[in-house]
Each structure stands twice: as C-alpha cells, then as structure tokens.
Amino acid sequence: MAADISSGGSSTITTYQGQGARMMLPAWVIIGFFLVLPVGMMLVYSFLTKEFRGGVIWDFSLAAYDQFFFDRGLFGDEPPKIEWTYITIFWRSIWQAAVATVLCLLIGFPTAWFIATRAGPARSIWLFAITIPYWVNLLIRTISMKFLIRDNGPLNEFLLAIGVIGEPIGLINTNFAVQLGLFYSYLPFMVLPIYASVERYNMAYSEAAADLYASKWAALRFVVLPIVKPGIIAGCILVFVPSLGAFLAPDLLGGAKNFMIGSLIEEQFKGNAGNWPFGAAASMILLSMVLVVLAFYARAQTKAGDR
Amino acid sequence: MANSDRQVAVKFETVSKRYGTFTALKQVSLDIFDNEFFTLLGPSGCGKTTLLRSIAGFEDIQDGAIRLFGEDIAELPPNKRSVNTVFQNYALFPHMDVTENVMFGLRMLGTSEAEARKRAQEVLDLVQLQSFADRMPNQLSGGQQQRVALARALAPNPRVLLLDEPLSALDLKLRQAVRLELQELQKDTGITFIFVTHDQEEALTMSDRIAVINAGEVQQVGNAREIYEEPNNAFVASFIGETNLIKVDVGEPQDGKVAATLPGGVQLNCSAAVGAHAGSGHLSIRPERVNFCPLDKANLTGTVQRVVYLGTDMQVEVAIQSGQTINARVQNTQMAVIPSIGETVGMQLDAAAARVLGA
Ligand SMILES: Nc1ncnc2c1ncn2[C@@H]1O[C@H](COP(=O)(O)OP(=O)(O)OP(=O)(O)O)[C@@H](O)[C@H]1O
Ligand SMILES: [Mg+2]
C-alpha cells in the first residue's frame, strides 16, 4: 500500500516537472535568441580583428581592449601607458547619467507622491498625463528640446523678454543640456515605480510618526523613505542604465565635445569608418558596468528580504 | 472624589467638526479628568474616531476649542502634543523590529540611545513582550501587534493615551484578558486613557466614566451604573443593553420622581430623567426587571406571543393592550415557571428600576 502511494506520488511529480520544462521552452527560446546570442556575438566580436570598411576578420585579437585602455600597449617594449580618451568618455557618461538620475529623483519623487495621494479619478488622469509625451518618438522629443533651449529658442526669448537675463544663456551644447535631455527622456521611469510603492504606502504610518513626535522631515527620513525604498531604487536603475548608454540626447543636445559612450559605440558601427571589435569591446565594458550596478541592487534587495 | 476638584486633562468646549456639508461632531462639550479611564461609546460612524483624531491633531475642528491641561491646542501640530495614540489598525512601522518601533518616539524626542533602549525594555516587560523584542511586526500575531502598539504609545510616557478600538481585532478570550491588562496598566501608570469602542460590554466593564455618542452628539456622560440604570434618553437606554420602552402618560416631575400611568391605568411612581416632562412619554424598563405574577397583583397584563430560548435565560414576548410588545427575562432554572404561548399573564414592573426618559 505504502509503496503504491509513494510511487504514485513520485510519478505525478515527474509529470509536472516534464510539463514545467515544456512550458518554459518559449521563455528559453526568447532568452537564448534575444539575449544570449547577441551578447555572445558581441563578446566574440570584441576579441576579433577589425576589417576596414566595417566587419571583422576571424582572427583572435586583444587589439580592441588594448586600444580602449592603453595608449602604448601592454605588448610593446616600453612600459604601458594609459589611454585616457575613452576612459574620460566613460567617466563623463557615468557622471551625466548620475546627474540625470538625481534630477529625475528630485522631481520624480514629489511628482509620484502628489499623484499617489490624489483621489481615485484625478489620480488616473495625472498618471495618464505623465505618460502622454512618451507617445511621441524619443528622437522628435529630443529635437524639440533642442529647439526649446537653443540661443534664439522660446526659453531664451522668454527670459530675455521678462528681463531676467541680458543675453541668451548658452544652454545648448553643454553638459547641462545633456543632463536635461536625459532627465526629460527618462523621467517616467522614475515616476512610475515610485508611484507604485507610494500608492501602497499606508498614510497611517506618517500619522503614527507624527503622533510619536516626528517632524515632517523626520517622518520622511525615518519612515516614508525606508518604506518606499524599493520603488526609489527601481526608478534609479531604470533611469541610470538607459541614460548611461543613451546617444540621442548627447548627440543632439551635447554637441561634439560632450560625447558619451552611446555615441562612441554608435559611431563604430556606422558606415565604413567604424571599428566593429572596438565597438563590441566598448559595449562589453558598458555591460559589465551595468551589471555591477544591478549586483548592488540585488544585494540591497536580498538584504531587505532578510528582514 | 468630587468631580469639581479634579484636574481636567482634556476639555472639549462646544467643538464642531464638518466634512464638507456633513457634520461629524455637533457642539461637543466634554471634560475628561486626569488619571481617568474614559470611554467613548457609540455606534459605527457616530464620530468616535473623529473625536480622538481631533485630540491627536489629525483633524482640524471648525468651532469651539480643545484644551489639553488647560492649554488650547488648536495651533499645535500632532508632533507637539504630549498625547500618544494606539491606532485602530496599529500602524506599526513595518521596516523596524519591535524594539525600534517602541524606541521611535523617544528617539524623536532626543532621548539618548541607551536610555531609550532601557525604557523600551521596560515597557516591553510591562506588556509582556520581552521575548519578542527582535521580531518584525509581520512576524507577530494580532494580539502581539496590539501590545507592541500599546508599548510604543506608552514609551514616551504621554499624559494622555488615546486608544481607538484596540481590541476589535482580537478574539473573545484574548479580548477579555487584555481588557483586564489594560485596566491594570491604566491604574499603574496613572495616565489618562481615552478609549474608543462600540462594544457596550467593554465600555461598562473597563471604564471609570463613559460618554455615549450618537450622530456626532454626546448623549450622556456618567459611570457604568449611571449609564445603565439612569439613562437620559431612549437612545442611551436602548444602546446600552436591552430595554422596553413603554408609552405612558407622565405627570409633573418632582425631585427626580414622577408618576407614570401605564396602559391599563395603573400608576407607577418611578425616577425621571433630566429631560422628562408632563404629557405623553416613554418609560424604560430592562427585561430582567419585568416579573410575572398572579393577575390580581399585576400592574400590566398581556398575552404571550413568543418564548425564545437564550441559554441561561428564556425571553418571553408579551403583547399588552396598547399593542406594544414587552420583553421579559426568566432565568432558566428548574423552579422557573415559563408561561406558554397564548396564555394571558400578569406582570409586575419593578418601580425602582423603571425610569421615565427625556425627549
Ligand atoms: N474624511 C472624511 N470625509 C467625509 N466624511 C468623513 C470623513 N471621515 C469620517 N467621515 C464621516 O464622519 C462620521 C464619523 O466618522 P468616525 O470615523 O469618527 O466614526 P466612528 O465613530 O469612529 O465609527 P467606527 O466605529 O466605524 O470606527 C462618519 O459618518 C464618516 O462617514
Ligand atoms: Mg472609528
């Protein structure tokens, strides 16, 4: 009897496992085809030799990474010398993405809070309003931004007209213009996850904090922020990661001297002038940086989960 | 102690609160004394929570004033009032463990870390949660959460503690145990407790004094005995326990006494509530104070309509000649004579327990 039951039980489990594997198949195909394959290709290409006029020669080479990091290579007779050009571009990208993320957080948090604390119907309208601009293509929005902030654009003309400034402030082609562009491009990615966690936040916690002698700021710092933190972290990642690799805003608003990683990579694959292995290597370096950020996020999450 | 000698902890002076066009509190005047276990009792939606929240500072009032130990607190934000609340749903901080929750108020007051920790341990001892100090709120049962909420509110040693139906989430056994604990705690700490409930038994057993509230108005304030035995009006009489309201002809009240003429013509000399006046009125008598007797000794007669088994008691419903139904309780003992349906019975109303109500 007992044997019957146990064998029956285990056969049921096997069947379920078999079904589970079959049901996972589409997911595996998608991950394999759209994630593993392209990243794998990029990894392989980054170790190949470049073909002039684009493409690769199937010869193993470290030239791409060598070009990225070193002016005088590891393999010469003289001691190696660091090449700062690309590292500078990467560093600038990190900085721009970080500033854009902070801007998004500073504006996005109060916005999300405002929306989440409205009454039902008003809330849906505000939420919808936030997403409306994003129905328009990013390229068009970025170009519009360029028109808005250029020297003879509406912003400068308005400020001139009301007499705040005496001559146009040169916004276009600055770091700040890029940061502004990134901020505008990715703001909803900050607002929406924060909104989701604030909406679940129980206002009774704020009342309890005030009841226990916390000022408004103390309640924000010790009660609200820790509780909605998952939304804030998700928002920061969703803004920081695409900002890091963005090329539209830096290209259109930053001009040549405010080059970012996205543009650097884009250039390697465009037309005949490119260098595919170098572009692939730069992508791999970008990817590893993103993975580091995500690793921090995962660690923060598990820590929060432990509690 | 005479009430006039006692210090008033919380004083409501004709307080009104409106939400848009809806008036949640109507001209509420109340004195709640220091060291008192004071209960706000009323049906759901009558404004108990609103009253409590206006003391804590979460609701602005439109008229009148609230004084905390004499001081008008209209301008004080919640974090400046030395009042703590045990919330209806506890609102424990989910990201802090039990100790941190309890320490929160002290930290905000700038108490040193060591002292705050010591005090937290003290109050956790008090509510018998020492062994749960490191748990997160979501690892606690409802009753334990309720005690953490209590400890958290007690830790800063407030002068007034507000408790909003803190026992409603507990099962009957636990609720009865916690009632006693709360009462002892109040006596031990000497903190003024303002306790909200819609459970009349809870109110009667725990409180020094009770305010019965209906539709935003205070109906009566008094101790348990006064509220139960000397109700002012029909609402109080029927909300607290069960009662019969018999239509009677009322004479001129004199020294709190009045003659009431029952249907059938018998006169009863009984107590009169404050608002009682001559004319037609209502006489309140509890079912357990209606006794069956031989017809010649009865001051009220009627026909038995229903007999309901209630366990310890039998409830007998009797139609009297005016058409009203009177409920009587007979203890369910071997000796008891339970009238049967259709029988004509005589009833003796205990004059000492009968009361003519105000409007
Ligand atoms: N924010 C609000 N806007 C409009 N009306 C409100 C608001 N808050 C409460 N009310 C109304 O005020 C009245 C009193 O509410 P309150 O919460 O004080 O009732 P309560 O006596 O605590 O009831 P319960 O026993 O169900 O908790 C209710 O009729 C309620 O509908
Ligand atoms: Mg309530």
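Proteins come first, then strands; the chains are lettered A, B, ... in the order of their sequence lines, and each starts at number 1. Computed from a predicted model, the values in this text were never measured in an experiment. The figures that follow rest on heavy atoms only: side chains count, while hydrogens, waters and symmetry mates do not.
- The line from CG of A:N202 to CG of B:L92 is 11.0 Å long, rounded to the nearest 0.5 Å.
- The minimum heavy-atom distance between A:L212 and B:M108, with the atom names listed, is O-CB, 3.4 Å.
- The two residues A:A214 and B:F104 have their closest heavy-atom pair at CB-CE2, 3.9 Å.
- Between the side chain of B:H95 and the backbone N or O of A:V224 there is no donor-acceptor pair closer than 3.5 Å.
- By the 4.5 Å heavy-atom criterion applied to side chains, B:R107 and A:Y213 are not counted as neighbours.
- When the shell of 6.0 Å around CH2 of A:W126 is examined, it contains 12 or fewer heavy atoms from other residues, nucleotides or ligands.
- Interatomic distance, B:N79 CG to A:K216 NZ, rounded to the nearest 0.5 Å: 7.5 Å.
- Of the listed residues (B:A149, B:P94, B:P78), the one with the most heavy-atom contacts under 4.5 Å to chain A is B:P94.
- For B:N84 (side chain) and A:D211 (main-chain N/O), a donor-acceptor pair under 3.5 Å exists by modelled atom type.
- Nearest heavy atoms, B:F58 versus A:A210: CE2-CB, 4.2 Å.
- Heavy atoms only, all atoms of each residue included: A:F222 and B:M96 are closest at O-CE, 3.6 Å.
- Heavy atoms from other residues, nucleotides or ligands lying under 6.0 Å from CD of B:E75 number 12 at most.
- Here the shortest heavy-atom pairing between A:A208 and B:A91 reads CB-O, 3.9 Å.
- Using a 4.5 Å cut-off between heavy atoms, A:A219 makes no contact with chain B at all.
- Heavy atoms from other residues, nucleotides or ligands lying under 6.0 Å from CZ of A:F296 number 12 at most.
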